[in-house]
Amino acid sequence: NSKVIQTPRYLVKGQGQKAKMRCIPEKGHPVVFWYQQNKNNEFKFLINFQNQEVLQQIDMTEKRFSAECPSNSPCSLEIQSSEAGDSALYLCASSPGETLYFGSGTRLTVL
Amino acid sequence: QQKVQQSPESLIVPEGGMASLNCTSSDRNVDYFWWYRQHSGKSPKMLMSIFSNGEKEEGRFTVHLNKASLHTSLHIRDSQPSDSALYLCAASMGGSNAKLTFGKGTKLSVKS
């Protein structure tokens with residue numbers, strides 16, 4: 001079973017509302033990734049962190065997306081003003097090296 | 001932009017049969033390939049990885065890599081109904097922090 005903990009499992013928001021999801025990486029894994037998996041199973045890389053610092057990120061969808069990974073607190077991904085197209089499974093993964101270990105994901109539905 | 005193409009999109013094999021899945025990267029800078037398996041409603045789990053030319057076998061699973069053509073394939077022998085899942089190929093430019101680019105996956109159904 002995955003030791004990457006994501007909450008909540010399901011999130012339902014109206015258009016324009018803020019959506020926030022959290023991730024606790026596996027202990028000892030310094031690198032954290034966020035991916036978006038849409039209904040067509042397409043994965044979109046969003047951002048990755050190493051020890052709280054951003055390593056790479058996409059142009060965070062017109063700045064509506066933000067993420068952080070503070071020390072001693074869960075990592076988080078926030079969508080400031082949700083749109084219907086943001087409906088997807090958001091997967092957090094942590095890594096001790098090359099292999100990614102995924103959490104169960106947060107399924108966001110934007111009505 | 002790096003693309004990872006997988007084929008076929010879906011595959012049906014009989015129980016006990018051989019499943020063969022393909023994956024090609026369009027980015028010549030790619031060094032590392034992974035195969036992940038995602039059962040319905042679950043998160044992806046790493047199945048196998050390959051970084052060098054040649055073949056690697058783990059139980060019923062064999063993965064091949066041809067770095068010159070940036071092509072990898074996954075073969076599952078003696079397929080079981082529990083192997084029914086979405087198989088995702090991912091590639092990266094190497095390094096422990098590098099992002100993985102995923103293909104759209106091959107949906108495998110093993111019929112008993």
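These numbers come from a predicted model, not from an experiment. Numbers restart at 1 for each chain; the letters A, B, ... are given by sequence-line order, proteins then strands.
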Problem - Test item: A:Y35 side-chain N/O and B:F102 main-chain N/O as donor-acceptor pair under 3.5 Å - result: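 A pair under 3.5 Å: no.
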
Handout entry: Path from B:Y87 to B:M18 over hydrophobic side-chain contacts below 4.5 Å
Key = no

Handout entry: Co-membership, hydrophobic cluster, residues B:F51 and B:M46, 4.5 Å side-chain
Key =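 Linked within one cluster.
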
Practice task
Assess whether atom NZ of B:K67 is packed by more than 12 heavy atoms of other residues, nucleotides or ligands within 6.0 Å.
Solution key: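 Atom NZ in B:K67 is crowded, with more than 12 foreign heavy atoms closer than 6.0 Å.
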
Practice task
Verify the neighbour count for atom NZ of B:K42: are there more than 12 heavy atoms of other residues, nucleotides or ligands below 6.0 Å?
Solution key: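 No.
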
Problem - Of all pairs that satisfy side-chain hydrogen bond (donor to acceptor under 3.5 Å, both in side chains), the ones with a partner from residues 6-16 of chain B, not counting sequence neighbours - result: none

Minimum heavy-atom distance between [X] and [Y], given as atom pair plus value:
{"X": "A:T99", "Y": "B:W34", "value": "OG1-NE1, 3.9 Å"}
{"X": "B:K99", "Y": "A:F33", "value": "CA-CE2, 3.6 Å"}
{"X": "B:S43", "Y": "A:S104", "value": "CB-CA, 4.0 Å"}
{"X": "B:Y36", "Y": "A:L100", "value": "OH-N, 2.9 Å"}

Handout entry: Contact check, side chains of B:L86 and A:Q37, non-hydrogen atoms, under 4.5 Å
Key =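 Side chain of B:L86 against side chain of A:Q37, heavy atoms only: contact under 4.5 Å found.
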
Handout entry: Nearest-0.5 Å distance that lies between atom CD in B:Q38 and atom CG in A:N41
Key = 6.5 Å

Problem - Connected-component partners of A:Y10 among ILVMFWY, side-chain separation under 4.5 Å - result: none

Problem - A:N48 portion near chain B, given a 4.5 angstrom heavy-atom threshold - result: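 The side chain, not the backbone.
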
